[in-house]
2 protein chains.
Amino acid sequence: MTRKSGDASRSTIRDVAARAGVSASTVSRVLGGVYPVSAATRGSVLRAVRDLDYVADARAKAIAGAGTPTLAFVLEDITGPSFALMAHGVEREATRLGHLCLVCSTEGDVRHELEFVEMMRAQRAAAVILVGGTADTPEYRERTHRMADSLASAGSRLVLCGRPPLDPGAPVTVIEYDNEGGAHTLVAHVLAQGHRRVLYLGGRADHTTALGRERGYLAAHRARGLTPDPSLVLHGDFTRDAGHRLMRQAIEDGLEFSAVVAATDMVAAGALTALHEAGLTVPGDVSLAGYDDIPFARDLHPALTTVHVPYEELGRLAVRTALERTPGAPDEHLLLGTHVVVRDSVGPPGSH
Amino acid sequence: MTRKSGDASRSTIRDVAARAGVSASTVSRVLGGVYPVSAATRGSVLRAVRDLDYVADARAKAIAGAGTPTLAFVLEDITGPSFALMAHGVEREATRLGHLCLVCSTEGDVRHELEFVEMMRAQRAAAVILVGGTADTPEYRERTHRMADSLASAGSRLVLCGRPPLDPGAPVTVIEYDNEGGAHTLVAHVLAQGHRRVLYLGGRADHTTALGRERGYLAAHRARGLTPDPSLVLHGDFTRDAGHRLMRQAIEDGLEFSAVVAATDMVAAGALTALHEAGLTVPGDVSLAGYDDIPFARDLHPALTTVHVPYEELGRLAVRTALERTPGAPDEHLLLGTHVVVRDSVGPPGSH
DNA sequence: TCCGTCATGGGAACCGGTTGCTACGGCGTT
DNA sequence: AACGCCGTAGCAACCGGTTCCCATGACGGA
């Protein structure tokens, strides 16, 4: 039995020092690596470290000014595929840069968001990354501006990732992707197939992501000199169930349309199932498009035409810009482009 | 402008004390809440706190023995739907109990796993939750046993979540779900439809999760007095792409089968697409079943018959048992049950 | 042989909190 | 009026590290 059994509680640097017959400062220096220490001393210290299975307390290190700060990200629900992708990007880049990361779900509750940011401030996180769209109200801007200030005054930094920018002056980094542009291109593609009545299955009516995509939907129509029927714009949320429910309702209500554009691929998935349940074929009877290009989009049947968003890259960028920022530098605002991925779910209008 | 602008670096408890005209201990006690402090003193302290926008440094607190410890979980890739579900459960339960959580992806690399566990030990995490199956080799048991010991000696605790148990004696909590039982029931259901040549699309040949499910596949056959053709058991990994590739290969090779059981829903999704591409209908020409019951399973076409695994509950349980454990208590080993969800992708064998 | 220099290691202060112990002032009691 | 108790606040030690500053000893050069 060579391994240390779980007898003692954690050992301190002084325990190591005592066992090696040196002072605590020497142990710290051996472990630190740069200070000159004789080979003999180094050897006995390292042996003591191994014997005691010692690891320096990261929190004590942090307090003393050494140690790498942690990084935090706050999102609504890690279960959503696009959130998960961003989370993955954030996590990957953070560990690549040697930082640990804390994660929190808000479940969409603003109070939780506030609480978490406060906690992160207490943790002295290097940066707090707020992920995902939200309702863009004056109250949101005010509240978030306050968070940004309070984080900045604590030496930390707020990063908005896929979330609307604040008024200029807020110490914040914003990384967005182009919802309006992507939706515009996508809907233009649908219209180019000849569709004239395109149903839009949106998210919550006040949600920036949903709203941006809705603007793209409208802009694409206007660019063709079309004005879409307002009754073709439906609101729900970003879940699969909302897509399913809205689609079924639309069919039951006898709404006329030859194509459906969903605010997210999740919504599209639910809608697709509702379409199938109603005995409608895609794209024969009705065309369908999504948004996000989540990995599953390829495996829907027919494979879903959608807009690819570089979510993972977004997450990576968020941490990189936050961490590599020089304190005095001006605030950054990045807008990432998207592109549509044409698969099999959009075709010319049928005989429907 | 009522808000504190981002001028000063973070303020300390002594700054607050100075501003309130009291000692640091008094500030600490006001903030702590229990110690008796006169209303006047409390008032001026709270005002100073508000003026300075002060938040106590959580790391300093932690070192001093106050403060709630953090909790860590390590998984292969947050992007996988079942991982994400577990992560969600872990995170929810942790914050419900007032703990923050650290997350790390290993990308399947054992060295990363080791490094992360070491970091968590340095962080003095309350518990480290290792999520997801792995190759169950003697080397794995040895290595993980060492991690468990080293964590235990640091006052922390290792939790294995959906991962094979170690030799008795390792200070570890194990929460598993029944892969073999679930697969057994699922395959029994497929066999009961009359299928006799059932293709199994497995994960990596040494991966415990894949292996458990494979055992269930075999056991279900044996229970009916059948011995499955060994050439019907294929190995890949748990990705959608593996399912797609394996399925296409099987079709090209002219393998004979009337049903396919995939090791995960992701694999099933890829396989389904390959089936469609080959012009085969499901379940008309071939039946298909998955495993995991990820949210998307319903939206495949046809809706996927699969095995529901309470992933989120698994995550919740992992943190609860780890955190509420009394130090001396015997090690726990929980095995959660699963149930099959019958949808539309399995039917009687056709004329194929 | 004596002195200056450099390599090395220790002591103590500090990071930012908490808490045990003590001191002080005001009050009620006999 | 003197005594004792209690409520309140401060001092100082401590948590587990890091690092500045200084002491010591060995070494080489004159």
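No hydrogens, no waters, no symmetry mates; every other heavy atom, side chains included, goes into these values. Protein chains get the first letters and strands the later ones, always in sequence-line order, with residue 1 at the start of each.
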Between atom [atom1] in [X] and atom [atom2] in [N], what is the gap in whole Å?
| X | N | atom1 | atom2 | answer |
| --- | --- | --- | --- | --- |
| A/Arg14 | D/dC15 | CZ | C1' | 9 Å |
| B/Leu31 | D/dA9 | CG | P | 14 Å |
| A/Asp15 | D/dG16 | CG | C1' | 10 Å |
| B/Leu52 | C/dG16 | CG | C1' | 15 Å |

Counting side-chain heavy atoms from C-beta on, which of [options] comes nearest to [X]?
| X | options | value |
| --- | --- | --- |
| A/Ser25 | C/dG10, D/dG17, D/dT8 | C/dG10 |
| B/Ile63 | D/dG16, C/dA12, D/dG10 | D/dG16 |
| B/Ser28 | D/dT8, C/dG17, C/dT18 | C/dT18 |
| A/Ile13 | C/dG17, D/dT18, D/dA9 | D/dT18 |
| B/Asp57 | D/dA9, D/dG17, C/dG16 | C/dG16 |
| A/Thr26 | D/dT19, C/dG10, C/dT8 | C/dG10 |
| B/Ala64 | C/dG16, C/dG20, D/dG17 | C/dG16 |
| B/Ala56 | C/dG17, D/dG17, C/dG10 | C/dG17 |
| A/Val37 | C/dG16, D/dT19, C/dG9 | C/dG9 |

With a 4.0 Å cut-off, would you call B/Glu107 and A/Arg92 a salt bridge?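 Between A/Arg92 and B/Glu107 there is a salt bridge, with a charged N closer than 4.0 Å to a carboxylate O.
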
Answer yes when B/Glu113 and B/Arg143 have at least one side-chain N-carboxylate O distance shorter than 4.0 Å, and no when they do not.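 Answer for the salt bridge query: yes.
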
Hey, is the side chain of B/Lys61 poking within less than 4.0 Å of OP1 or OP2 on C/dG16, counting only N and O atoms?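 Answer no for this pair, as no side-chain N or O of B/Lys61 is under 4.0 Å from OP1 or OP2.
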
Distance below 4.0 Å between A/Arg124 side-chain N/O and C/dG17 OP1 or OP2: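 Yes.
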
Looking only at N and O atoms, is any donor in the side chain of A/Tyr35 or the base of C/dA7 less than 3.5 Å from an acceptor on the other one?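 Under the 3.5 Å cut-off, the side chain and the base do not form any donor-acceptor pair.
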
Give A/Arg29 one of three labels, base, sugar-phosphate or nothing, depending on what nucleic acid heavy atoms sit under 4.0 Å from its own. base

What nucleic acid atoms does A/Ser38 come within less than 4.0 Å of, heavy atoms only: base, sugar-phosphate, or nothing?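 Sugar-phosphate only.
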
Report the residue (A/Tyr54 or B/Thr41) whose heavy-atom-nearest nucleotide on DNA chain D is the more 5′ of the two.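 Nearest-nucleotide comparison on DNA chain D picks B/Thr41.
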
Between A/Ala60 and B/Val22, name the one whose nearest nucleotide on DNA chain D is closer to the 5' end.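 The answer here is B/Val22.
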
For residues 96-104 of chain B, tabulate all N or O donor-acceptor pairs below 3.5 Å that involve a side-chain atom, not counting sequence neighbours.
residue, atom, partner, partner atom, Å
B/Arg96, NE, B/Glu93, OE1, 3.4
B/Arg96, NE, B/Glu93, OE2, 3.4
B/Arg96, NH2, B/Glu93, OE2, 2.8
B/His99, ND1, B/Pro69, O, 2.8

Identify every side-chain donor-acceptor pair in residues 27-40 of chain A under 3.5 Å, counting partners at least two apart or on other chains, and give the distances.
residue, atom, partner, partner atom, Å
A/Ser38, OG, A/Thr41, N, 3.3
A/Ser38, OG, A/Thr41, OG1, 2.7

Which is it for A/Met120 and A/Thr70 under the side-chain contact (heavy atoms from CB on, under 4.5 Å) test, yes or no, and what are the steps along the way? CA-CA 9 Å; A/Met120 297 307 113; A/Thr70 303; over 6 Å; no

